[in-house]
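First the structure, in the form of structure tokens, and then the observations on it.
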Amino acid sequence: MYFNDTAEEEPQDYSHYFEDSQYDNHHQDHMRHCVSSQPPPLTTSSPSSSCSQGHRSSMILQTNEGGSICLICFSNLISEPHSPTLHVSYALSQLSIAISQPPFLRSLLSFHPLLLVSPLVSALSSFDDAPLARQIVDLVAALCASADSEHSSVHGSFVARVSDRLSSGALCWSRRQVYMLHCLGILLKFEKDDLYAHIRDKCHLVSNLVGGLQLPSDEIRGEIFFVLYRLLLLQDGDGDDILSTFCPKLLHLSLEALVKTQVDDVRLNCVALLTVLAQRGLFGNAFAVETTSLYTNEADSVMQAAEDGRDGSPLNVLFAEAIKGPLLSTDSQVQIGTVNLLIHYMTSEGTSIEQIQVLVEDNIADYVFEILRLSDCKDPVVKSCLQVLDLLSTAKQAFKQRLLVGFSTLIPVLQYVAEIPFHPAQRHTLKLIWTCISDCPRIPSASQIKEIVVILTRMLGKHAGGEIDMLPETFTMACLIFVSLLKSPSSHGTLSLTTSIKEALQYTVLTCLSIPDKNSCQLLHSLYLLKEVFEYSHDEKFADTSNIELRTCIVDICVVHLLPWFLTFFKEIEEETVLIVLETFHSILIWDSDIQTTEFADKLVSSSWFSLSFGCLGLFPTDKMKQKVYLVLSSLVDVILDKDSGQSIRDVALSLPSDPVDLLFLLGQRSSNNLELSSTQSAILTILLGSSLYDERLADDKLVLASLEEYIFVNGRNFQHRATDSSTVMRLLFLYSFYRSLAKVSYQIQYSPEAERILFQLVNDYECDLVSARVHPIALKWMFQQEKCCELLSDQILKFCGSNISHGSDTTFNNNASSFNIQAIAELVASGDNYGARILTCLLMKLVKEEVEEDYIISLVNLLTKIVNVSPAASDELFLNNIGNALYTLYSEKIHTLSSEISTPVLVLIFNILSSVHSETLSDDEIWLAVIMKLMDYYISSEPARNWTQNNLIVLGILSLILNHSTSNALIEASKSILLNSSLISTIDSMIHEACLKGPALVDHAEGSSSYGEHLLYVLLLSYFSLRSLHAVLPGTIDWQSFFDPPDRMQPLSVIGIPCHDLCRLIHFGSPQVKLAASYCLLELFTRISDVINREGEELKCSAEYLMSVITILEGLVFYSDNLVAVNCSLSLSMIIGCETQNAPNNWSRVIVEELTVSMSAPCLASKSFVNEHKAAVNVAVALLKLEKIPVWLRSVFDDHCISGIIENLTSGNVTSEIVVLFQELLKSGLLKEEHIASLSRVFQACRKRLYSDNTNDDCENEHILKKVSITTMSDDLENFCEYLIYLMSSQHSYSRNKSLLVEIESFFRTLTIE
């Protein structure tokens, strides 16, 4: 660079710009030879006391070559204008060679430092020979450069002599004047001593130089520009007056010369001069002079301009025209210098917006954009150009069009500066881009927007990750650009931006929340960006998935980061920051309700938002804060209560006080004739209700309850005249219920029974809507506990059912944001400390007796079913509140008119109640006897089995549940009516007989597309529960031997039951489910006959052939694939073996035991399931070991090798109670050795330790199955009912595996001790 834009110092390589073909300091011309002339006698080959001219020896200096130079002779030669140039040139060359030798130079400077000053200056002004002048200048430069600080006077003397010649004007701009000017420029380049002080006639010097600028010579102008430039750098404070005198003329002449010249060296020197002038503020002085001249006579101005050599153009216009050429120069240094000149020009004092506007209108911005485009994004061009463009942008309107044209040039520049931390041009680039996009949103294309977004996101990501730092102004500008881009039409619907926007949003907000300054401008802009992105995410052109992604990201940022930060630091934050946070939250809340908005609102109120809001009002008691706080609260209650609930708050936002105590004071005032006060009180009730929903207290409970009662007292007349809307009455009811429930818990809170009476009277007069409202659970419970509210609640439940009417058999109830939903009602009914169950049963009775639409009954019945599914304990409460009476009334009065749409839901309700109710709760056997009789008469007796539908099968399931409860001594009479029902018995016998006749074809019928298999399965399930019920309902009256086909025994009573041989046929030929149900029936039958045999000492009375056929069927199923069927058959077989009949055991039993031992003793089979797969065979083996006379082959099967193999496969994790029993019987039979017992003891002890440390898993399984079945019984699919009945059947024979195993292990150790 040729000048420094930050200081008035000359750059190191400035000399380059004065190199010329005529003045090449390093070029050595060959000495011209003149035949007629001889060199002067300046040197001699031998020392002498004097030279040939007789000069004394002190003037003669020796050279290294042995010669000498007489300084007097040299001075005389070069000072004589008529001396031959050849001689002068030779003398100069000899002296130049000599001074390059340190001894000679040292002698010259020590003894004759100033002797050659005058001769050399005179020689320079005497000869017109250019090579000679170059030699002289080189020699002068060499002497000055060689002179140290002790001989600095040499430099000053040359400056003084040369400046005097130029000041005198004697040379009249001849060639010699140019040589002299060039020499002065060279001298001024040296920074030694105070050169400016050596110039004696500064005024005339400057005057002559300024005048010389009018000469039409680029060479002269270039030399003058450089000398003036150096003079400006060297001058002290006193020189300012001189420059001020010549400034206007100097500026005009310089600019005119810059306009005319095409030489880059001249441009460079002129630009350097103008730059220093701009730095000194002299452009401003010139503008001031121009302005003053406007008030003078126009002719005088023209004459003065002519005298000054100016063309009369305004300085700013001339400046704009002058710099165009340098800006287009191919010399990059000229371009950069001109750009820097622009910077100093526009930043100098006195430069106005109008003058900058002239530059813009003269297309200077276009030139700068072109330089920037061709710069390949390299500094320092980028830095200077962007600084100029930033300054030009102050002429907003004029610059706007130029910026639009150059916008595309800025994007690659942005990419460049964004990668360099603290690049000076970052802020300028971002500002220009933001200005363009904000002024003309349609300018950037979609691809440009994507590119800018990616660049900024990467930049913010590096800043957030700590890779690069960023100035606050740069961060702020990046946020502003994002906001402008989001508002650009080109960005709408651009899916590819979603990811970058989410990342940028996270970077900006999280970075700002982590900085110590809680009130930074960065935070404000990041929150502003957050709000704008949320609005952007609701663009209709976006796909739903992209919208949801952005909104989810925003809500997550607010919930996870911004809200906790705000809750922590809101007392340290300034009002402006609080307002922008509130505005951000408000933006999320005011959009149409969706999942994100609702979740966000719940998070706010769960964070004590109401209390925090009043805290903000206390910290910043301004109207602006009050309005914003109440607007947020109004939108919040719109979400958490219902839409438009917050309108009452918005209507009186500025009238509401900032203190909650003042709110309560206003609530207790009479508002008869004051509409504004009435509206304010409605808003206060809304605020209190919203806060109470989340257990947030704005004031003491006593004070709030007292204010509510006062409000009821003083405004009771308004309620009577219906001057208050129903929504206000509802909020009053919910609030009063909430605080009365608190008073009920805390006896320290007093309440007014009179206020309560007035409120209930008002509620009955108004039409309330609890179905769509939100109320606190304890408030709702308190209402259900008040008998005076029963009518209201009954109407609301009916309304709730009406709003969910469906014409199918299954109604889906909407669990929306309302507190009056299935879950809440179910919990209230199940708790039993309120009128919930009574209200429901009475309502059902009322609907049955009254002429109402069937849809309401269906909906209420489905509601009851849902309640039972949600809270099974509700069944007990419904029983205690006479649900049976309502059902009996339904079947008594409408059984013949019931459609399938209502009959199915009622049957499903009965099934669910009976499957959930505890037997201990059951009472009122007579009413349920009547209900069961109605069901059997309508669904069993009147319908043949082949015509049975889904409802008939559900009735069979209900009958099964009744019989199951009878085993717990409940519903005995109802069970008797089932067991002894002749029509039911006949139907079951016919179906079983028909099934047995089918033989092998039974499985095809059961698994076919017909419903025969379902009918048969439900009949078997009913038969199983009948068998279990018989001994409880009809003890001592059943001859169990009659089930085994004795020819001479008849059943004393005709009851539901299937003979043993029919069950064996069903087990053998039936489908898997039929096999399972029949095996349980057979097991139950053998269990009963075993009890009789053991208790009364009887024998099994049946023929040997009959018993053998049963044993054959059972033995064949011991290894059946369904483990439950196999176990049931093995247990039945074990009971037959236990009777020790002559037919048992047989060879097949030996096969079973041998297969068991081989499988269990085989190595590498120690898994958790291998023992469970052999449970059935283990039961048979145990039964054989328990015989008084153990078969001889049994001992050979359980030999030492077999027992050792089984024990080796046992671990603490695969031991079962059946295995423990097996080894216990082997121990009793004497088949175990000491080593066997020792190994078993270790395994059993390890198993016991494991069970004690983890004894909870086993007990959870049954509850899980029960819950699963109970929830799905609402469906029309009969498999759900059947699944539950099968579970219930199997649970009768299942015990806690862990407990059973522990018991058997303890029994084994006791047996071991006894043995």
Query raised in the report: Could you state the interatomic distance from CG (Asp855) to CG (Leu860), rounded to the nearest 0.5 Å?
Result: 12.5 Å
Query raised in the report: Under 3.5 Å, is there a donor-acceptor pair between the His776 and Ser692 side chains?
Result: no
Query raised in the report: If we ignore angles and hydrogens, is there a donor and acceptor under 3.5 Å between the side chains of Thr949 and Asn951?
Result: no
**Report entry** Check: Leu759 and Arg740 side chains under 4.5 Å, non-hydrogen atoms
**Finding:** no
Report task. First locate atom CD of Glu877, then atom OG1 of Thr921, and finally report the distance between them rounded to the nearest 0.5 Å. Result -> 8.0 Å
Query - Flag for Ser645-Thr686: side-chain donor and acceptor within less than 3.5 Å - result: no
Query raised in the report: Quick one: are Ile839 and Phe784 in side-chain contact, heavy atoms under 4.5 Å?
Result: yes
Query raised in the report: Does the side chain of Leu667 reach to within under 4.5 Å of the side chain of Leu663, using non-hydrogen atoms?
Result: no
Requested in this report: Evaluate the side-chain proximity of Phe610 to Leu693: yes if any heavy-atom separation is below 4.5 Å, no if none is.
Outcome: no
Query raised in the report: Does CD belonging to Glu676 count more than 12 external heavy atoms closer than 6.0 Å?
Result: no
Report task. Answer yes or no: are there more than 12 heavy-atom neighbours, outside Phe760 itself, under 6.0 Å from its atom CZ? Result -> yes
Report task. Taking atom types as modelled, find out whether Tyr835 and Asn881 have a side-chain donor-acceptor pair closer than 3.5 angstrom. Result -> no
Report summary line: In this structure, CZ of Phe734 is separated from OH of Tyr739 (nearest 0.5 Å) by 15.0 Å
Report task. Answer whether the closest heavy-atom distance between the side chains of Ile858 and Asn862 falls below 4.5 Å. Result -> yes
Report task. Could you tell me whether a side-chain N or O of Gln681 sits under 3.5 Å from a main-chain N or O of Ser671, the two making a donor and an acceptor? Result -> no
**Report entry** CD on Gln950 to CZ on Phe1281, rounded to 0.5 Å
**Finding:** 7.0 Å
Taking only distance into account, with no hydrogens and no angle test, what donor-acceptor pairs under 3.5 Å do side-chain atoms of residues 968-975 form with protein atoms, sequence neighbours excluded?
unit_1, atom_1, unit_2, atom_2, d
Ser975, OG, Ile962, O, 3.4
Ser975, OG, Leu971, O, 2.8

**Report entry** Heavy-atom side-chain contact between Leu656 and Ile684 under 4.5 Å
**Finding:** yes
**Report entry** Any side-chain heavy-atom pair of Ile927 and Leu887 under 4.5 Å
**Finding:** no
Query raised in the report: So among Phe614, Phe585, Phe600, Tyr694, which one has a ring pair (Phe, Tyr, Trp, His ring centres under 6.0 Å) with Trp609?
Result: Phe585
